[in-house]
Amino acid sequence: MRIKIKIVILIVTTLVLVLFVAAYYTQRAVERDQEGLLLEDAAKIVKEVESSIAAAGDGAERLRQRSVEEMEYLGSFHVLSEDAAKPSPDPDLSEAKRGRIRAGLGEGLEKLLYLSNHIARVDIVLFEQDGTLSPFFSKIKRQAAQTQLTLDYINQVKDGRPVVVQEAEDDFKYLSVLMPVRYGELIIGMAGVKASSEAVNTLLTSKKQTTLAVALIAVAIITGVLILSMNQMVNRPIQNLLSAISEVKEGNLRVAVAPAANDELGLLTEHFNSMVDTIRRSSEEKEFLLKEINRQNDELQAGIREATGELLKRNEDLVLANQSIYDIQKKLGHSRRLAAVGQLAATVAHELGTPLHSVSGHLQLLMEEPGLAKDSLRRLTIMQSQVERIITSIQNILDTTRQPESKPGLIDLNEVVEDLSILVMPETISKGIRVTKTFAPDLPLVYGSRSKLEEVCLNLIDNAIDALPGAGAITIATRRVASPEGLVLKTEGLRRVHWVEVTIEDNGRGIPEALLKDIFKPFYTTKAHGKGTGLGLAISQEIVAGYHGFLTVESEPQKGSVFRVLLPSLEKITV
Ligand SMILES: Nc1ncnc2c1ncn2[C@@H]1O[C@H](COP(=O)(O)OP(=O)(O)OP(=O)(O)O)[C@@H](O)[C@H]1O
Ligand SMILES: [Mg+2]
């Protein structure tokens, strides 16, 4: 059932109950005025009398033994009935029996009167056969008073109707009630109950107070019950939910609230439990996923570390390899240049070799001359052996200075300078030199030996690096150029197509103008001993010239230098 309906029902029920109780007790209080109260008392007394009469019929022996001393007879009821001819309907009420009734009445009435302080006097009279009233029992509690009974009243009672009489005596007001006493269906007498108005009023007031108190207690109890019920129905489930919510806030996702009644709170509790359950499951799932992600991440990191380590190592190896290639290449350049010295020596040897051979021949002829003095022969033999030794030495020099040379062909200079720029990278990077490359995309091929052209370009790049004190800039560029004016080419078996230019520019220390003519001379170097041979430019110029090209320089001290290699793009003429 819905909680709203429950509360409404509860409140309505409570209000109805309270109203009902209040109405009931108010009604009772109003009704229980003086007359009502006295009529009630009289009814109780009559009931007692009637039951005593009934008991006397069955327990005569027991009643006989009881004393009647405490009973007093008063003549107040000796009133002759005008209706004397109408006899009492009880023929069996003998004197002995009456005694037994009186005896039986004593104890019961005593109890009643003890509890009823307001009752001043009780009289019980019987209607005699002759129509008179016989005082049967009279009990005066406090103040005796004459009771004036009129025939009207008696006849009313005889007809079965109770009579209430107001009396005044001195300053006191009294109230009397006359009530019929029955024996079976018959009215055999009447009971007169007299009470002080004041005492009755006091009793009524106290009863009203008691009633009010009872009503208040009833309201308090009902309110308490209502509060308890509300607590049970609403407050407790809400409290349970609130404490569960704060537990969830603390992170306890295993909390579950005991299901409340089948109302909105019950539904709320159910939803809350299922919500917490969902959160718990998704949080467990999230935790699992997070763990899985972390694990995979760790694996990935380890993999990356491994791969990176491997890559770094390879890179280091590569840098080292590049460095050593560059060193070797540099050394090779130097040894080539030194070899060129060798070639020079070879030329000298060749030039010397021919006359030496003729000298040796002449010496041989002289030694074969007949009659030659022994001393002369010995000298000629020494000379011959020395000439032979020189010839052998020259032969040896010629053998050792012969250099291997790559076969000439069509060379892409872009490729050559690109490879060289990579080769010198360890040096440029370590010195902080910025290398800019601008290569013409459609550069024609040149005819020549790749190793010789490499030597030219590497020497120019090396010189540029050496011209920079530390950090600086080198620009390597290639381009196709128009034919230099007045240029005559000796194209033996070759056909000129285009001209190709390679420039190597640096912003280094530059070359004083006066020295520009010296730098191409063999053995001119400004580098420390063992660092340069001074043959780089000389050989380069010779190589370039060998391919019908030009090697030129423009330089300005402290600004930098531009070395320009101009080569014809030649093709082998195939006919
Ligand atoms: N770009 C340049 N800037 C300044 N000076 C240069 C430059 N290029 C060459 N030179 C000067 O010309 C000299 C001769 O150069 P060359 O290449 O012939 O011999 P090297 O470089 O001294 O020795 P090697 O070439 O055998 O290492 C150099 O020592 C240097 O003084
Ligand atoms: Mg050089």
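First listed ligand is number 1; within each ligand, the first listed atom is number 1. Counting from 1, the numbers follow the sequence of the chain as shown.
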### Message
Checking contacts here: is it the side chain or the backbone of Leu515 that comes within 4.0 Å of ligand 1, counting heavy atoms only? Could be both or neither.
### Response
neither

### Task
Find the distance between CZ (Arg450) and CG (Leu413) and round it off to the nearest 0.5 Å.
9.0 Å

### Query
At a 4.0 Å threshold, what atoms of ligand 1 neighbour a non-hydrogen atom of Gly532?
23 (O), 24 (P), 26 (O), 27 (O)

### Query
Does Gly508 reach ligand 1, in the sense of a heavy atom lying below 4.0 Å from it?
no

### Task
Check each atom of ligand 1 against the heavy atoms of Asn459 and keep those under 4.0 Å away; list them by number with element.
17 (O), 25 (O)

### Query
Which atoms of ligand 1 are found less than 4.0 Å from any heavy atom of Ile519?
11 (C), 12 (O), 14 (C), 18 (O)

### Query
Counting only heavy atoms, which portion of Thr525 has something under 4.0 Å from ligand 1: side chain, backbone, both, or neither?
both

### Query
Only one of Arg280, Lys286, Arg281 forms a salt bridge (Lys or Arg N to Asp or Glu O under 4.0 Å) with Glu284, so which one is it?
Arg280

### Summary
Taking only non-hydrogen atoms of Asp506 and a 4.0 Å limit, the atoms of ligand 1 in range are 1 (N)

### Query
Counting only heavy atoms, which portion of Asp466 has something under 4.0 Å from ligand 1: side chain, backbone, both, or neither?
neither

### Query
Is Phe520 touching ligand 1 with its side chain, its backbone, both, or neither, if touching means heavy atoms under 4.0 Å apart?
neither

### Query
Can you tell me if Asn459 has an N, O or S atom under 2.8 Å away from the Mg ion (ligand 2)?
yes

#### Entry: Validation row: Thr475, Asn507 side chains within 4.5 angstrom (heavy atoms)
no

### Task
Return yes when at least one N/O/S atom of Thr533 is nearer than 2.8 Å to the Mg ion (ligand 2), and no when none is.
no

